[in-house]
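Since the structure is predicted, the reported quantities are computational estimates derived from the model, not experimental observations. Proteins get letters first, then strands, A, B, ... in listed order; numbering begins at 1 in each.
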Protein chains: 2
Amino acid sequence: MRETPPTAADPWDEVPGRLRARGLRWTPQRRTLLAVLAATRGHVTGAELVERCRAMDPATIPSTVYRTLDVLEELGIVRHAHGLDGREEFHVLPAADHGHIWCSGCLGTWDVHADEAAALVAVLAQRRGFRVDLSHLSVVGLCEGCAGEGQPGREAQRAG
Amino acid sequence: MRETPPTAADPWDEVPGRLRARGLRWTPQRRTLLAVLAATRGHVTGAELVERCRAMDPATIPSTVYRTLDVLEELGIVRHAHGLDGREEFHVLPAADHGHIWCSGCLGTWDVHADEAAALVAVLAQRRGFRVDLSHLSVVGLCEGCAGEGQPGREAQRAG
DNA sequence: GCAGTTGTTGCAACTTTTTGCAATAGCATT
DNA sequence: AATGCTATTGCAAAAAGTTGCAACAACTGC
């Protein structure tokens with residue numbers, strides 16, 4: 001077998017230690033949520049995470065999940081942005097910092113790479129000293145397909 | 001007396017007609033909300049609007065307000081974006097299309113002028129054919145003051 | 001001015017998330 | 001292994017919106 005890399009092969013293995021290092025605790029409920037998150041790709045809403053946790057442990061309490069998500073966000077293990085309807089969309093272990101765009105027509109979503117947002121970030125930094133949280137950036141509008149087929153006017157559709 | 005301008009001196013006076021032109025109706029409940037909106041500057045949440053309507057008419061029903069806001073948004077009379085916590089923030093009669101920035105430290109908010117977002121809008125249009133809805137754009141991060149005093153790291157604070 | 005059409009309202013139930021608080025249970029220490 | 005400190009949990013209630021549906025009432029046409 002291989003040697004274990006210095007900083008742990010699986011980043012999830014570091015979580016209990018990082019919690020304890022801050023005086024926080026590693027509980028069964030947190031173990032459940034972490035297991036769910038480890039199996040998650042892309043975006044998930046809080047409600048979806050609650051549901052998935054309940055699938056693993058029917059005794060799951062929503063408020064515990066939401067509070068744990070707050071803790072994990074402080075540790076940088078998850079990040080959240082807001083979907084079309086403003087609902088929180090969680091994002092696991094962000095490899096590269098990026099934002100999101102949402103099409104209000106087809107409800108599709110895509111990543112916005114850092115370089116695409118670089119100009120906005122730079123302008124706000126220079127003109128206002130504002131530091132943009134890129135992972136929280138959600139840009140809403142119409143994707144190519146929806147912009148084409150719909151009226152050339154504006155989009156008024158709302159997410160359901 | 002003066003001549004009335006072709007397109008009505010007060011834009012609010014046009015609303016009943018624009019509703020009827022679409023086969024929609026001008027009701028007392030809508031009159032109340034419009035009166036509240038006419039007296040509103042800057043941002044308001046849906047809940048605040050419900051409260052203000054209730055001040056004028058205690059019989060106000062929340063769902064009626066929210067549904068009317070949807071209609072008014074389709075007419076372009078209000079627009080909404082999302083605040084720090086994802087809650088809807090309505091914006092009356094947008095003179096110039098603009099976005100918003102929110103400081104997750106002090107909860108302050110400022111307008112983002114179209115030219116500040118121009119580069120982002122242009123990049124997404126060119127690279128993806130995506131049409132950004134600028135009035136829906138909410139950029140979160142730390143303002144100059146909060147970025148300075150806090151740790152140079154990241155912001156983890158959440159709106160209450 | 002009356003009647004019909006159908007857009008709106010009021011209501012109740014439900015979803016999603018937050019908050020306060022007492023009871024529970026991690027974890028470091030002894 | 002027992003103990004204490006206090007972070008977490010579970011629960012219940014509340015806030016903010018949304019949705020389905022039957023009853024109501026604008027507006028159009030006659």
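- Few gaps surround CD on B/Glu48; more than 12 heavy atoms of other groups in view lie less than 6.0 Å from it.
- For the pair B/His80 NE2 and D/dG17 P, the computed distance is 11 Å after rounding to whole Å.
- The side chain of B/Ser63 contributes no N or O atom lying less than 4.0 Å from OP1 or OP2 of D/dT18.
- Considering all non-hydrogen atoms of both residues, B/Leu134 and B/Ala117 come closest at CD1-CB, 3.7 Å.
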Stepwise side chain to side chain contact (heavy atoms under 4.5 Å, CB included) test for A/His82 and A/Arg87: CA-CA 5 Å; A/His82 298 278; A/Arg87 212 162 277 171; over 6 Å; no
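- Two residues, B/Ala47 and A/Ile61, neighbour DNA chain D, and the one matched to the more 5' nucleotide by heavy-atom proximity is A/Ile61.
- Going from atom CG of B/Asp85 over to atom P of C/dT18 covers 9 Å, rounded to whole Å.
- Atom pair A/Arg54:CZ and C/dT15:C1' shows a separation of 12 Å (rounding to whole Å applied).
- When the shell of 6.0 Å around CD of B/Glu51 is examined, it contains 12 or fewer heavy atoms from other residues, nucleotides or ligands.
- Here the side chain of B/Arg18 pairs a donor or acceptor atom with the backbone of B/Leu75 at under 3.5 angstrom.
- Atom CG of A/Leu69 is separated from atom C1' of D/dT8 by 15 Å (rounded to the nearest Å).
- Rounded to whole Å, atom P of D/dA7 lies 19 Å from atom CZ of A/Arg18.
- Residues A/His43 and A/His91 place their aromatic rings such that the two centres sit under 6.0 Å apart.
- Heavy-atom nearest nucleotides on DNA chain D were determined for B/Thr45 and for A/Ala59, and the one closer to the 5' end corresponds to A/Ala59.
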Heavy-atom protein contacts under 4.0 Å, nucleotides 24-30 of chain D, coded B base, S sugar-phosphate only, - none: -BBS---
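- Taking atom CG on A/Asp57 and atom C1' on D/dT9, their separation rounds to 12 Å, with Å as the unit.
- When the C1' atom of D/dT9 is taken as reference, atom CZ of A/Arg31 falls 15 Å away, rounded to whole Å.
- Regarding contacts with the backbone of C/dT17, a side-chain N or O of A/Tyr66 is found under 4.0 angstrom from either OP1 or OP2.
- Projected onto DNA chain C by closest heavy-atom contact, B/Gly23 and B/Thr60 fall at different nucleotides, the more 5' of which corresponds to B/Gly23.
- Not one N or O on the side chain of A/Glu88 forms a donor-acceptor pair closer than 3.5 Å with the backbone of B/Gly86.
- Rounding to whole angstrom units, CG of residue B/Leu19 and P of C/dT6 are separated by 18 Å.
- Across all strands shown, B/Arg67 has heavy atoms under 4.0 Å from base atoms, whether or not it also approaches the sugar-phosphate.
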